[in-house]
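Numbers here simply count residues along the sequence, with the first being 1. All of these numbers come straight from a predicted model, not from anything done at the bench.
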Amino acid sequence: MTLLSGDQSVSSQPCRIPEAGKHITSSLYPQTDFTKETFMESGESGVFGAVEPHRHSRGRLILHATVMFGREFCYAVEAAFVTPVLLSVGLPQSLYSLVWLISPILGFLLQPVIGSASDYCRSSWGRRRPYILALGVLMLVGLTLFLNGDAVVSELVTDKSLKSTWAIVIVMLGVVLFDFAADFIDGPIKAYLFDVCSHSDKERGLHYHALLTGLGGAFGYLVGAMDWGHSVLGEALGSEYQVIFFFSALTWGVFLTLHLFSIPEQPLDKDPSDSGPSKPSALRLLGTQSNGYGALVKEPVSPVGPGPVTDLRPRSFSALGEANSVTSSAKQPNKEAQKRMTFRSMMKALMNMPRHYRYLCVSHLLGWTAFLCNMLFFTDFMGQIVYKGNPYAEHNSTAYSRYERGVEVGCWGLCINAISSALYSYVQRFLLPYIGLKGLYFVGYFTFGLGTSLIGLFPNMIAVLILCSVFGVMSSTLYTIPFNLIAEYQLEEEEQLKLQGLPGLQRGSGVDCAALTCMVQLAQILVGAGLGALVNLAGSVVVVPLSASVVSLFGCIFIAVFIKYVD
């Protein structure tokens with residue numbers, strides 16, 4: 001995870017509040033035939049003023065961001081221990097990547113539905129916090145099953161064959177639940193921030209989010225790197241995994257609670273059809289848009305003349321929610337069909353993208369495929385290849401002890417990755433004037449490809465730990481450069497429209513960010529479906545870093561040839 005500086009923040013550039021008197025259109029791409037005239041014909045004219053919440057103190061914003069520390073802490077535990085835990089309970093090596101396949105498929109299909117549902121939640125506690133709480137509890141349940149499933153099954157089941165089967169099922173269920181909830185919770189968290197913060201506070205809030213994200217990952221890997229099995233806590237709680245669960249559950253529970261009570265959230269007002277007529281062209285602010293989150297609610301004007309307007313449709317700007325507005329309301333008389341975004345609308349948005357946006361999505365897919373291929377199985381690589389351990393050996397054997405030691409040292413390597421990611425996000429600021437965004441994009445992929453190839457070819461413990469710093473270069477690149485490129489592309493489009501004297505056509509950034517989010521999930525699907533078979537075919541997990549290297553270096557070529565250059 002990266003530490004974003006003020007001018008490198010993902011959301012700082014695309015976050016724009018519409019000026020009073022300007023229309024917010026539903027069109028996202030130049031191919032969509034949606035002009036000012038058709039907009040007026042649809043009867044949805046109105047004045048949108050920029051009304052922002054009051055400023056919040058630094059302490060409030062930091063408390064709001066503490067949830068990212070807890071989430072990334074637990075994420076680090078998952079990334080470090082999922083593969084070792086699954087192999088230790090007897091999952092065949094040819095199938096161990098499939099556990100990463102189920103959650104992204106569910107996310108790819110259901111995330112639009114859940115994202116849209118939070119936009120319309122009418123709880124008295126607010127729109128986002130009920131979803132954050134529910135997903136947070138689901139994360140805790142998944143973490144409990146994942147780290148304690150083997151111990152619980154050992155106590156309840158005596159038959160050895162049944163014990164192994166039930167342990168695999170329980171652990172895999174825990175991983176899927178945790179991964180699903182941890183992926184989904186990020187959207188409501190960001191939406192919560194944008195709903196309750198003023199424009200200037202959003203950048204500050206995102207900076208604290210990024211800072212605590214990096215720190216959470218580093219501390220999570222640090223806890224995993226400790227030898228808790230022979231400590232007092234390990235003897236008291238039963239095993240190393242129970243100690244790690246204790247720290248993870250405590251950290252997540254405390255920081256989730258602080259987050260939920262950090263800043264009060266304004267509940268969604270009742271539908272005006274229940275409370276009587278409302279004035280046309282009125283703005284009801286339920287949260288401002290910023291880099292894909294928040295929601296604006298507008299009351300469309302009836303095309304047949306003045307009178308009560310009862311149709312109120314919040315238009316979501318969530319990272320996946322804004323794809324619902326790809327087809328303009330002028331082309332969609334039935335606005336109820338637009339109230340919920342569908343998988344089909346997302347696919348249509350991807351197909352209608354300008355070419356340079358599609359190329360950016362492809363390069364993002366290649367980058368995440370390479371990154372996840374290495375990161376999700378790095379500790380297993382350390383245990384089996386570098387330390388020559390055996391995850392299938394008896395738990396009191398020397399071979400299994402060597403494997404456990406390799407996993408612990410692998411956690412140190414991932415901790416180095418988190419620290420280098422935070423540091424490199426600042427280095428990017430100094431490199432940007434010299435090589436530009438496209439240059440930074442290329443350097444990130446090339447550095448990662450070169451580093452992982454050396455790790456695969458020369459699996460020496462010292463060399464591997466040193467080369468773990470290149471993982472941070474790649475993660476910082478993936479979390480910053482593509483989103484900055486989107487912001488530059490959109491700014492370039494707006495300037496071209498101004499030079500041509502055309503009406504300002506404000507593109508929403510939501511669907512562009514949604515497309516990149518989908519590429520992350522698609523990359524996880526590809527890794528989950530293919531890497532296990534590749535390891536089984538090669539007969540060694542050394543193929544993991546080598547595969548990551550090949551995909552990353554191919555991404556370098558793709559960036560050099562297809563990614564659009566911006567000044």
Side-chain angles (χ1 to χ4, degrees), residues 78-102 104 150 160-161 164-165 167-169 171-172 175 366 368-411 413-414 448-465 467-468 470-471 474 523-555:
E78 182 203 35
F81 287 102
V82 162
T83 301
V85 169
L86 284 171
L87 294 181
S88 68
V89 297
L91 184 71
Q93 189 164 280
S94 59
L95 301 176
Y96 76 157
S97 67
L98 293 180
V99 70
W100 300 108
L101 184 61
I102 303 172
D150 187 26
K160 189 173 182 180
S161 59
S164 177
T165 302
I168 292 173
V169 170
V171 172
M172 287 190 68
V175 173
L366 293 172
W368 271 103
T369 301
F371 187 69
L372 292 175
C373 183
N374 180 77
M375 293 296 292
L376 296 181
F377 306 99
F378 178 72
T379 52
D380 181 54
F381 170 81
M382 289 292 291
Q384 292 198 55
I385 302 301
V386 177
Y387 276 80
K388 303 186 186 308
N390 183 6
Y392 299 108
E394 294 293 332
H395 287 198
N396 57 355
S397 65
T398 303
Y400 188 79
S401 297
R402 287 202 304 266
Y403 181 79
E404 279 193 319
R405 179 57 182 164
V407 171
E408 292 170 359
V409 175
C411 289
L414 295 177
F448 181 77
L450 182 62
T452 48
S453 65
L454 292 175
I455 287 174
L457 295 173
F458 308 102
N460 176 270
M461 190 263 290
I462 301 298
V464 169
L465 288 179
L467 290 171
C468 280
V470 305
F471 302 167
M474 184 63 161
Q524 192 169 333
I525 292 172
L526 293 176
V527 171
L531 191 60
L534 192 60
V535 169
N536 191 48
L537 183 64
S540 172
V541 293
V542 74
V543 74
V544 170
L546 294 179
S547 299
S549 175
V550 170
V551 176
S552 182
L553 293 175
F554 181 75

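One distance of note links CG of L91 with OG1 of T165; it measures 11.0 Å at 0.5 Å rounding. Interatomic distance, E408 CD to F81 CZ, rounded to the nearest 0.5 Å: 7.0 Å. With rounding to the nearest 0.5 Å, the separation of CH2 in W368 from CD in Q524 is 9.0 Å. Distance check, rounded to the nearest 0.5 Å: CG of L553 to CG of L366 gives 11.5 Å. Within the model, atoms CG of L546 and CG of L454 stand 10.0 Å from one another, a figure rounded to the nearest 0.5 Å. Atoms CD1 and CG, from I455 and L467 in turn, are 5.0 Å apart once rounded to the nearest 0.5 Å.
Of all non-hydrogen atoms in S552 and M474, the two that sit nearest each other are OG-CE, 4.2 Å. Between F378 and G413 the shortest heavy-atom distance is CE2-CA, 4.4 Å. What you find for M382 and V409 is that their closest heavy atoms are CE-CG1, 3.6 Å. Residues F381 and V542 approach most closely at CE1-CA, 3.9 Å, considering heavy atoms. Annotation for G451 and V470: closest pair CA-CG2, 4.0 Å, computed over non-hydrogen atoms. Between L531 and C373, the closest heavy-atom pair is CD1-SG, 3.6 Å.
More than 12 non-hydrogen atoms from other residues, nucleotides or ligands lie less than 6.0 angstrom from OH of Y400.
When atom types are taken as modelled, the side chain of S164 and the backbone of V89 share a donor-acceptor pair closer than 3.5 angstrom. S453 places a side-chain N or O within 3.5 Å of a backbone atom of L450 that can act as its donor or acceptor partner.
Using a 4.5 Å heavy-atom threshold, the side chains of L534 and S547 count as touching. Inter-residue side-chain proximity for V541 and F377 is flagged as unmet; no heavy-atom pair is nearer than 4.5 Å. The shortest side-chain heavy-atom distance between Q384 and L87 falls under the 4.5 Å cut-off. Looking at heavy atoms from C-beta onward, E404 lies out of side-chain contact with Y387 at the 4.5 angstrom threshold. Side-chain contact between L376 and T83 is absent, with no heavy-atom pair separated by less than 4.5 Å.
Each of T398, T379, D380, N390 was compared with Y403 under the side-chain hydrogen bond (donor to acceptor under 3.5 Å, both in side chains) criterion, and only D380 meets it.
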